[in-house]
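Inspection log for the structure reproduced underneath, given as structure tokens.
Please read all numbers here as calculations on a predicted model, not as lab measurements.
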Amino acid sequence: MSEVDNFRQRVFQIIAAIPSGQVTTYGEVARMAGSPRAARQVGGVLKKLPEGSTLPWHRVVNRHGEISLQGEDFKRQRQALLAEGVMFRAGKIDLLTFGWKF
DNA sequence: TTACTGACTCGGA
DNA sequence: ATCCGAGCCAGTA
């Protein structure tokens, strides 16, 4: 398979371009990657990220503006977002920072 | 090769 | 707003 058709490579590239302090959804990343129904696979890709990756995976949340991770991973993602100034209200991301697009 | 998985989403109730 | 069932599809085994 060629580089441009590699879904994982596209996902990396798209997420790497999300500005600090802003977030997007799995579905939006999937759409931008050219596979609108592959939202689950975006999560699947992120789950397999190498330890030392600098990819801002924490800037990707579900369509409700909530963190989909559980337990310690949930805490780490929330902490990373708070550190960037992302605002939460009742466990959901404030509409101001939700909905980033190119 | 086939079978199963699931950091999701949509539509309906 | 919440809950649930069904569909999706790139990885993985």
Side-chain angles (χ1 to χ4, degrees):
Chain A
M1 50 176 67
S2 64
E3 294 282 348
V4 291
D5 289 329
N6 191 314
F7 182 76
R8 175 164 35 187
Q9 294 290 358
R10 286 181 178 239
V11 168
F12 287 157
Q13 206 169 319
I14 290 162
I15 295 178
I18 305 174
S20 175
Q22 300 215 34
V23 300
T24 191
T25 65
Y26 297 99
E28 188 65 18
V29 173
R31 275 190 290 280
M32 288 189 281
S35 198
R37 323 288 171 68
R40 292 183 90 154
Q41 285 54 245
V42 175
V45 165
L46 296 183
K47 182 158 60 172
K48 299 283 187 189
L49 275 183
E51 268 295 319
S53 175
T54 59
L55 201 73
W57 56 269
H58 56 278
R59 296 176 188 151
V60 185
V61 298
N62 67 28
R63 75 178 169 112
H64 300 300
E66 303 164 327
I67 292 172
S68 288
L69 292 175
Q70 298 296 314
E72 288 304 307
D73 290 329
F74 173 91
K75 291 184 187 174
R76 279 205 298 281
Q77 183 168 8
R78 185 183 54 183
Q79 178 56 48
L81 290 173
L82 287 172
E84 295 184 348
V86 174
M87 304 299 288
F88 283 82
R89 294 227 315 251
K92 294 173 191 167
I93 288 175
D94 202 341
L95 294 174
L96 288 176
T97 48
F98 188 79
W100 171 82
K101 357 184 172 327
F102 282 113

Find the distance R31(A):CZ to dC8(B):C1' and express it as a whole number of Å.
11 Å
Any side-chain N or O of K92(A) less than 4.0 Å from the OP1 or OP2 oxygen of dT2(C)?
yes
F7(A) atom CZ is separated from dG11(C) atom P, nearest whole Å, by 7 Å
Give the rounded distance in Å between these two atoms: CZ of R78(A) and C1' of dA7(B).
16 Å
What one should report as the nearest heavy-atom pair of V60(A) and Q77(A) is O-NE2, 3.0 Å
Between F12(A) and L55(A), which heavy-atom pair has the shortest distance, and what is it?
O-CD1, 3.3 Å
For T25(A) and dC8(B), is the shortest distance between a side-chain N/O and OP1 or OP2 below 4.0 Å?
no
Value in whole Å for how far the P atom of dC8(B) lies from CE of M32(A):
16 Å
Look at the side chain of E66(A) and the backbone N and O of K92(A), then say whether any donor-acceptor pair between them is shorter than 3.5 Å.
no
Starting at the 5' end of DNA chain C, which residue's closest nucleotide do you reach first, E66(A) or K48(A)?
E66(A)
Between Q41(A) (CD) and dC4(B) (P), how many Å, whole number?
17 Å
Separation of Q70(A) atom CD from dA7(B) atom C1', in whole Å?
10 Å
For R63(A) and for R40(A), find the nucleotide of DNA chain C with the closest heavy atom, then tell me which residue's nucleotide is more 5'.
R63(A)
May I have the distance from R8(A) (atom CZ) to dC9(C) (atom P), rounded to whole angstrom?
19 Å
Base, sugar-phosphate, or nothing: which does G44(A) touch, judged by heavy atoms less than 4.0 Å apart?
nothing
For R89(A) and dA1(C), what is the distance between atoms CZ and C1' respectively, to the nearest whole Å?
15 Å
For a quick test of reading the model, state the closest non-hydrogen atom pair linking N62(A) to T25(A) and the distance between them.
O-CG2, 3.6 Å
For the backbone of R59(A) and the side chain of Q22(A), can you confirm whether one donor and one acceptor N or O come within less than 3.5 Å of each other?
no
Is there a side-chain polar atom (N or O) of S68(A) under 4.0 Å from OP1 or OP2 of dC8(B)?
yes
Nucleotide nearest N62(A) when distance is taken to its side chain, options dT9(B), dG6(B), dT12(C)
dT9(B)
Among dC8(C), dC8(B), dC10(B), the nucleotide that comes nearest once only the side chain of R37(A) is considered
dC8(C)
